[in-house]
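Throughout, residue positions are numbered sequentially from 1 according to the sequence presented.
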Amino acid sequence: MSAMTQAPTTEFYAAGQYLPEQSIGYLMNKVISSILAQADARLAQYKLTYVQWLPLYKLLTCESSTLASLSRDLSVDPAALTRSLSRLETKGLIRRERSTQDRRVVHLFLTEQGRAVADHVPTVLADVLNGHLAGFEHSEWQQLLQWLTRMLLNGDAMKSGAPAATPRPTPVES
């Protein structure tokens with residue numbers, strides 16, 4: 001069998017029998033909302049909200065970025081991101097620099113103060129995610145990651161019009 005196998009055509013949902021409580025999308029949205037609410041609550045002491053700590057975290061992990069690449073990576077509208085970045089710049093957490101090669105390009109950098117604040121984000125996210133995963137076995141966590149990755153691959157295939165070909169998960173070690 002090849003590494004990529006055609007996905008089965010099993011349909012799990014039917015329009016007349018659709019219940020939100022059994023919808024993967026609905027439940028994932030509720031989980032994301034819970035994670036973001038908990039993270040926002042814990043990052044409030046740094047006067048940060050999701051739309052602010054997310055770009056800070058991304059800049060922490062990337063060193064520098066451009067507005068366009070950050071917008072793409074975070075799946076955020078460039079105009080909305082610009083507003084968030086303006087707030088972060090006003091707080092002294094980031095700085096923007098126009099490219100000397102292309103004036104349309106704006107590079108983003110954490111300031112020293114921004115780095116100090118952003119350094120708290122990974123700890124908060126780890127605590128919040130671990131709290132949401134309480135009671136899971138390591139193998140269950142790995143399986144969940146594999147399933148979500150398969151769903152993303154299927155979504156990408158749907159977007160491109162290609163048939164949904166998903167890799168079969170590898171057995172999870174306990």
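- Proximity of a side-chain donor or acceptor of S65 to a complementary backbone N or O of L59 within less than 3.5 Å is not detected.
- A distance of 5.5 Å separates CD of Q142 from CG of L145, quoted to the nearest 0.5 Å.
- In the model, S86 has a side-chain atom that pairs as donor or acceptor with a side-chain atom of R96 under 3.5 Å.
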For side-chain contact (heavy atoms from CB on, under 4.5 Å), just list the numbers for I35 and L129, CA-CA rounded to whole Å, side-chain angles, deciding distance to a tenth of an Å, and then say yes or no. CA-CA 7 Å; I35 290 168; L129 290 171; 3.6 Å; yes
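- If you check the side chains of K91 and Q113, you find no donor sitting under 3.5 Å from an acceptor.
- More than 12 heavy-atom neighbours from other residues, nucleotides or ligands sit within 6.0 angstrom of CD on E21.
- Two residues are said to be in side-chain contact when any heavy atoms from C-beta on lie closer than 4.5 Å; L133 and L144 meet this criterion.
- Looking only at side-chain heavy atoms (C-beta outward), Q17 and Q22 stay at 4.5 Å or farther from each other.
- Between D127 and R42, some side-chain heavy-atom pair lies under the 4.5 Å cut-off.
- Of the inter-residue distances, the one linking Y13 atom OH with I24 atom CD1 reads 4.0 Å to the nearest 0.5 angstrom.
- Under 4.0 Å is where a charged nitrogen must lie from a carboxylate oxygen, and between E89 and R95 no such pair does.
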Starting from the C-alpha separation in whole Å, work towards a yes-or-no answer on side-chain contact (heavy atoms from CB on, under 4.5 Å) for H132 and V128. CA-CA 6 Å; H132 281 79; V128 169; 3.8 Å; yes
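- The environment of CD in E97 is crowded: more than 12 heavy-atom neighbours from other residues, nucleotides or ligands sit within 6.0 Å.
- At least one donor-acceptor pair closer than 3.5 Å links the side chain of T82 to the backbone N or O of P78.
- Between H107 and F109, the two ring planes are tilted [angle within 30° to 60°].
- Under the 4.5 Å side-chain heavy-atom criterion for ILVMFWY residues, no single connected hydrophobic cluster contains both L152 and M158.
- L110 and V105 end up in different hydrophobic clusters when Ile, Leu, Val, Met, Phe, Trp and Tyr side chains are linked at under 4.5 Å.
- In this structure, the side chains of V106 and L85 stay at 4.5 Å or more apart for every pair of heavy atoms.
- T61 is listed as a side-chain neighbour of K58, based on a closest heavy-atom distance under 4.5 Å.
- Each of P55, S84, C62 was scored for a side-chain contact (heavy atoms from CB on, under 4.5 Å) with L70, with one residue passing: P55.
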Check step by step if side-chain contact (heavy atoms from CB on, under 4.5 Å) holds for E137 and W141. CA-CA 6 Å; E137 297 292 328; W141 169 67; over 6 Å; no
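- Proximity of a side-chain donor or acceptor of N29 to a complementary backbone N or O of G25 within less than 3.5 Å is not detected.
- Formation of a donor-acceptor pair under 3.5 Å by the Y57 side chain with backbone atoms of L125 is not found in this model.
- By the 30° and 60° cut-offs, the orientation of the rings of H120 relative to Y46 is parallel.
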Test side-chain contact (heavy atoms from CB on, under 4.5 Å) on L56 and L60 and set out the steps. CA-CA 6 Å; L56 276 184; L60 179 69; over 6 Å; no
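- Following chains of ILVMFWY side-chain contacts shorter than 4.5 Å, one cannot reach I32 starting from Y26, and the two form parts of different hydrophobic clusters.
- Rounded to the nearest 0.5 angstrom, D40 CG and Q52 CD are separated by 9.5 Å.
- Each of L27 and Y18 belongs to its own hydrophobic cluster when Ile, Leu, Val, Met, Phe, Trp and Tyr are linked at side-chain heavy-atom distances under 4.5 angstrom.
- Atom OG of S99 and atom CZ of R104 lie 10.0 Å apart (nearest 0.5 Å).
- If you take OG1 on T49 and CG on L43, they are separated by 9.5 Å, rounding to the nearest 0.5 Å.
- Considering only heavy atoms from C-beta on, V124 stays 4.5 Å or farther from W53 through its side chain.
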